[in-house]
Amino acid sequence: MTFFPVPLCYLGVTESEVDQVVGVPVRGGEGPGTLVSDFLSSLAAKAEFRRSTIRDRLSRTAVHLLSVLVMELLETSTADEAADGSRGGNEMLSRIQAFIEEHLKDPNLSPEIARAHHISVRYLHKLFQNDGITVSQRVRRRRLESCRSS
């Protein structure tokens with residue numbers, strides 16, 4: 001596995017936008033995923049690129065491609081969330097509530113629940129908004145109920 005650390009400010013997106021796409025699988029066989037995958041794989045495989053005089057230009061190109069990929073993922077994420085509507089939302093909410101029950105004793109249980117379900121934190125909060133409760137309130141209420149029943 002090869003890592004390409006890129007400062008957030010170079011991508012032209014906010015931290016919350018990056019949080020929405022962290023952990024989202026990217027297909028390397030189509031769209032921007034193909035371009036980014038092929039380009040970064042080539043950079044990693046060819047040592048002469050790392051020492052060449054065009055290294056800075058290649059680095060900027062890599063950052064631009066990553067930025068395009070992130071923007072594509074954000075657009076796809078937003079469109080998918082809108083398309084899911086209530087049908088998929090109810091199913092997802094049930095899975096998330098089951099996940100909360102299973103991990104109730106975990107002191108780190110938080111909106112990271114979203115990452116475990118490959119959804120954005122914003123969408124996680126939106127699912128719970130329809131129930132008139134926040135994710136944190138749900139977790140707190142379930143923990144208190146669990147303590148009372150013990």
Side-chain angles (χ1 to χ4, degrees), residues 1-45 49-50 55-147:
M1 185 176 289
T2 304
F3 293 94
F4 292 91
V6 177
L8 181 63
C9 62
Y10 290 0
L11 294 177
V13 294
T14 65
E15 190 171 339
S16 64
E17 288 173 323
V18 170
D19 288 343
Q20 291 177 37
V21 297
V22 167
V24 173
V26 176
R27 295 185 180 175
E30 60 186 49
T34 301
L35 292 170
V36 173
S37 176
D38 291 348
F39 189 78
L40 293 179
S41 295
S42 294
L43 283 179
F49 285 155
R50 284 178 252 150
R55 180 187 70 214
D56 289 341
R57 285 183 184 233
L58 290 170
S59 297
R60 282 193 297 270
T61 301
V63 169
H64 288 300
L65 286 173
L66 284 169
S67 178
V68 168
L69 179 62
V70 169
M71 295 308 292
E72 172 76 14
L73 291 172
L74 285 170
E75 287 178 14
T76 302
S77 172
T78 303
D80 288 349
E81 289 171 8
D84 278 348
S86 62
R87 181 197 79 225
N90 290 336
E91 181 183 318
M92 178 65 71
L93 184 59
S94 296
R95 286 197 315 251
I96 290 169
Q97 288 173 340
F99 181 87
I100 290 171
E101 293 299 317
E102 290 174 25
H103 297 89
L104 207 53
K105 293 181 181 182
D106 181 358
N108 296 320
L109 188 63
S110 69
E112 297 244 348
I113 297 164
R115 185 173 295 150
H117 290 85
H118 307 290
I119 60 173
S120 68
V121 173
R122 183 184 65 175
Y123 185 57
L124 174 67
H125 287 294
K126 184 178 177 182
L127 288 172
F128 278 83
Q129 179 183 10
N130 293 336
D131 277 357
I133 190 170
T134 67
V135 179
S136 300
Q137 289 170 336
R138 168 76 179 182
V139 170
R140 187 179 324 114
R141 185 175 72 194
R142 286 298 304 127
R143 285 178 173 162
L144 290 171
E145 288 171 356
S146 178
C147 289

Problem - Non-hydrogen atoms of Arg95 and His117 that approach each other most closely - result: O-NE2, 3.8 Å

Problem - Candidate pair Val135 and Ile96, rule side-chain contact (heavy atoms from CB on, under 4.5 Å), full reasoning - result: CA-CA 10 Å; Val135 179; Ile96 290 169; over 6 Å; no

Practice task
Using a 4.5 Å cut-off on heavy atoms from C-beta on, say whether the side chain of Leu73 contacts that of Leu69.
Solution key: yes

Handout entry: Straight-line distance of Ile100 CD1 to Arg141 CZ, nearest 0.5 Å
Key = 10.0 Å

Exercise for the section: Hey, could you give me the CG/CD1 distance between Asn108 and Ile113, rounded to the nearest 0.5 Å? Expected result: 11.5 Å

Handout entry: His103: ring pair (Phe, Tyr, Trp, His ring centres under 6.0 Å) partners, not counting sequence neighbours
Key = Phe99

Completion exercise
The side chain to side chain contact (heavy atoms under 4.5 Å, CB included) partner of Val70 among Val21, Val6, Val26 is Val21

Fill in the blank from the handout: Minimal heavy-atom distance between Arg143 and Leu104, with the atoms involved, is NE-O, 2.9 Å

Handout entry: Minimum side-chain heavy-atom gap Val36-Val68 below 4.5 Å
Key = no

Handout entry: Residue pair Leu66 / Leu40: nearest heavy atoms and the distance that separates them
Key = CD2-CD1, 4.1 Å

Handout entry: From His118 atom NE2 to Met92 atom CE, the distance as rounded to the nearest 0.5 Å
Key = 9.0 Å

Exercise for the section: Would you mind telling me which of Asp56, Leu58, Val63 makes a side chain to side chain contact (heavy atoms under 4.5 Å, CB included) with Arg60? Expected result: Asp56

Handout entry: Residue pair Ile133 / Phe128, side-chain heavy-atom distance below 4.5 Å
Key = yes

Practice task
Supply the atom-to-atom distance Ser67 OG to Glu72 CD, rounded to the nearest 0.5 angstrom.
Solution key: 12.0 Å

Handout entry: Contacts of type salt bridge (Lys or Arg N to Asp or Glu O under 4.0 Å), residue Arg142, not counting sequence neighbours
Key = Glu101, Glu145

Handout entry: Test item: Leu74 and Gln20 side chains (from C-beta on) under 4.5 Å apart, heavy atoms
Key = yes

Problem - Euclidean distance, Arg115 CZ relative to Asp19 CG, rounded to 0.5 Å - result: 7.0 Å

